[in-house]
Structure formats: C-alpha cells, structure tokens
Amino acid sequence: DKNIPCTLATPVLPDIVSHTMDSTSPLYNISPDNMVDMELIVSVVVVEPNGSKTMFMTSYLPEEIVWGSHFAECVVYKEKEGIFMVEVERLNMMIPNYTPQMSAMEMEESLLLASTQ
C-alpha cells in the first residue's frame, strides 16, 4: 500500500559529481598521454538532512577512463504518472563532448600563449 510510509522507498537517482580542473587540482597536469601507471580513487560521503551518512569509494584505471565523453542522461520524469524512471539501457551509454586531448595545464598555457600573440 503506497499510503503506508514504511513501504515507500526513498528514490536514489544518479547524481553528477564534478571536479574543477584548475591549478589547485591534483589532476591539473593529467592528460590522456600521461595517465599510464596511475589509479584514480574517488571517495564520496553523502550526509542526508536527517543526519544519516552514505559513503562509497571506487577506483578507476587508465583503461577505464573515457576521455572526452560523458554519460547519457538516463533519468526521465514521466509527467503523466508523476514519477522518475531510469532508462536502464542508457546507463552505460557514452556521448562525446569534444574535450581537448590535453591536460587542463596545457589548455591554460595554450590559451595564455594565444592571448599574448
């Protein structure tokens, strides 16, 4: 019965976690060419309004990183039903985003050089 609160699950939708690649980032000088022999470890702690915590950690090896792409949107809102649905067939779909094949440091240096000419 959907009117009994304890039988309703809290929806867990995919979130976007981002990291700014500026000169303070430990990834500032990382490019597709120099990602060999490294492991990127991501640790996230989510604190809910009620104080409960969810923690997870995962790692990525260079061959698992797809440079210049992002995941396709996989959560859609069905207005007629008033619900969010996950399109499971889109979960691993990648979309090219034309990120330059260079580090943030190289991009900044190239923009600085172009602006002085």
Side-chain angles (χ1 to χ4, degrees):
D1 181 8
K2 69 179 182 179
N3 296 317
I4 301 172
C6 65
T7 64
L8 296 175
T10 301
V12 179
L13 300 176
D15 284 322
I16 296 174
V17 177
S18 65
H19 174 77
T20 301
M21 305 287 272
D22 60 16
S23 61
T24 64
S25 168
L27 304 174
Y28 184 60
N29 66 344
I30 301 297
S31 72
D33 296 332
N34 64 10
M35 285 195 314
V36 295
D37 297 332
M38 69 172 277
E39 179 180 18
L40 179 63
I41 299 173
V42 179
S43 174
V44 177
V45 178
V46 178
V47 180
E48 299 291 339
N50 67 3
S52 67
K53 287 184 183 180
T54 302
M55 300 186 297
F56 67 87
M57 186 174 359
T58 189
S59 68
Y60 300 92
L61 297 173
E63 60 269 15
E64 297 171 317
I65 297 172
V66 181
W67 195 279
S69 293
H70 63 272
F71 286 107
E73 181 65 49
C74 62
V75 178
V76 294
Y77 180 68
K78 301 288 186 177
E79 193 170 342
K80 184 177 177 185
E81 295 91 352
I83 59 173
F84 287 94
M85 294 189 64
V86 176
E87 294 181 349
V88 177
E89 65 277 0
R90 295 177 58 93
L91 281 176
N92 292 317
M93 187 181 294
M94 302 297 291
I95 298 174
N97 64 17
Y98 310 108
T99 300
Q101 298 291 302
M102 62 178 72
S103 69
M105 182 178 74
E106 292 169 317
M107 283 179 55
E108 194 172 274
E109 289 171 351
S110 107
L111 290 171
L112 184 61
L113 182 63
S115 70
T116 60
Q117 293 179 351

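The first residue of the sequence shown is numbered 1, and numbering continues consecutively from there.
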Under a 3.5 Å threshold, yes or no: a donor from one side chain and an acceptor from the other, between T20 and D22?
no
So with a 6.0 Å cut-off around CG of N97, is the heavy-atom count from everything else above 12?
yes
Could you walk me through whether E81 and K78 pass salt bridge (Lys or Arg N to Asp or Glu O under 4.0 Å), step by step?
CA-CA 6 Å; E81 295 91 352; K78 301 288 186 177; over 6 Å; no
State the CD-OG distance between E109 and S103, to the nearest 0.5 angstrom.
7.0 Å
Hydrophobic clustering (ILVMFWY, side-chain heavy atoms < 4.5 Å, transitive) - are V36 and W67 grouped together?
no
When clusters are formed by joining ILVMFWY residues with side-chain heavy atoms under 4.5 Å apart, either directly or through shared neighbours, do M21 and M102 land in the same one?
no
Can you see whether D33 engages S31 through a side-chain donor-acceptor pair at a distance of less than 3.5 angstrom?
no
For I65 and Y60, work out which heavy atoms get closest and say how close.
CG1-CB, 4.0 Å
Are the side chain of N34 and the backbone of N29 linked by a donor-acceptor contact shorter than 3.5 Å?
yes
Going through the distances and angles, do C74 and M93 end up as a side-chain contact (heavy atoms from CB on, under 4.5 Å)?
CA-CA 9 Å; C74 62; M93 187 181 294; over 6 Å; no
Count the heavy atoms of every other residue, nucleotide or ligand shown that sit under 6.0 Å from OH of Y77, and state whether that count exceeds 12.
yes
Do L40 and Y28 land in one hydrophobic cluster if side-chain heavy atoms of ILVMFWY residues count as linked below 4.5 Å?
no
Note, M38 side chain near P62 side chain (heavy atom, < 4.5 Å)
yes
